[in-house]
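The sequence lines fix the lettering, A, B, ..., with proteins before strands; numbering per chain opens at 1. Side chains included, hydrogens not; waters and symmetry mates left out as well; all remaining heavy atoms used.
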Amino acid sequence: LAKTTQPISMDSYEGQEVNITCSHNNIATNDYITWYQQFPSQGPRFIIQGYKTKVTNEVASLFIPADRKSSTLSLPRVSLSDTAVYYCLVGDNTDKLIFGTGTRLQVFP
Amino acid sequence: NAGVMQNPRHLVRRRGQEARLRCSPMKGHSHVYWYRQLPEEGLKFMVYLQKENIIDESGMPKERFSAEFPKEGPSILRIQQVVRGDSAAYFCASSPTPNTEAFFGQGTRLTVV
């Protein structure tokens, strides 16, 4: 299982774009990159998953460079309700989900 | 299609008692994962089960903890002779296949007094 490294915390203001980068230098060929969001006292919620280049859904975008050693979760125009912990996970389709310490995003008015 | 259901939401046990945590996965999901989370910390993997089989229990303490996912009924995480250090939030997740979108329950908050 590839190890991931994320910033411990980030601050932003409402309406700004937030980019959270995750390093996974030893990602394997079959590994996917998945991001989850967790609000206090709730279970994590799937945000987005990708393998390479760019993936976009109604919530976020995921940018993955050609070497796949890092990935960036992009949240457009954050609001107060985006304050949460964001986890980056790397693994293939035979793996259990291993969560790191995540990035605590605080959005201010 | 109901989401992942965990019960109870809150459980209080005295030291030495047994705690039973239940998780009903989403319909059609045969993969279940259990995690433990302490306040202000990340989720720690405990065990991964697929119907009637334990696939990976590398994160689960060898003593006092056990898990099952029977052919019929919910998955059960059982903690025998609980101690204060077992106090935590326990989350269950299910997915149709490994490492695809996993859906989490609301968790069971265990307090050992």
Exercise for review: Given salt bridge (charged side-chain N to carboxylate O under 4.0 Å, His left out), test B:Glu18 with B:Arg78 step by step and report yes or no.
Suggested key: CA-CA 7 Å; B:Glu18 178 180 285; B:Arg78 183 182 176 205; 2.8 Å; yes
**Study point:** B:Gln6 portion near chain A, given a 4.5 angstrom heavy-atom threshold
**Key:** neither
Check your understanding: Quick one: what part of B:Phe103 sits under 4.5 Å from any heavy atom of chain A, side chain, backbone, both or neither?
Key -> neither
Review point. Is it the case that B:Gln81 and B:Arg64 place a side-chain donor and acceptor less than 3.5 Å from each other?
Key: no
Review point. Is there a side-chain contact between B:Tyr48 and B:His31, using heavy atoms and a 4.5 Å cut-off?
Key: yes
Study note, to complete from the structure: Of all heavy-atom pairs linking A:His24 and A:Ile33, the shortest is CE1-CD1, 3.5 Å
Exercise for review: Identify which part of B:Glu40 has an atom lying under 4.5 Å from any heavy atom of chain A, answering side chain, backbone, both or neither.
Suggested key: both
Review point. Which answer fits B:Ala102, side chain, backbone, both or neither, if we ask what part of it has an atom under 4.5 Å from a heavy atom of chain A?
Key: both
Practice item. With ring-ring contact (aromatic ring centres under 6.0 Å, His included) as the test, would you mind laying out the steps for A:Phe46 and B:Phe104 before giving the verdict? Key: CA-CA 9 Å; A:Phe46 173 92; B:Phe104 281 78; over 10 Å; no
Check your understanding: Under a 4.5 Å heavy-atom cutoff, which of A:Gly43, A:Pro44, A:Gly100 has the most pairs with chain B?
Key -> A:Pro44
Exercise for review: Is it possible for you to check whether A:Arg68 lies under 6.0 Å from the centre of the six-membered ring of A:Tyr51, through NZ or CZ, and within 45° of that ring's axis?
Suggested key: yes
Practice item. Quick one: do B:Cys23 and B:Met5 satisfy side-chain contact (heavy atoms from CB on, under 4.5 Å)? Show the steps, please. Key: CA-CA 6 Å; B:Cys23 170; B:Met5 303 300 291; over 6 Å; no
Practice item. Select all residues of residues 106-113 of chain B having any heavy atom within less than 4.5 Å of some heavy atom of chain A, and report them by number, or 'none'. Key: B:Gln106, B:Arg109
Practice item. Could you go through the ring-ring contact (aromatic ring centres under 6.0 Å, His included) check for A:Phe99 and A:Tyr87 one step at a time? Key: CA-CA 7 Å; A:Phe99 287 78; A:Tyr87 296 96; 5.2 Å; yes
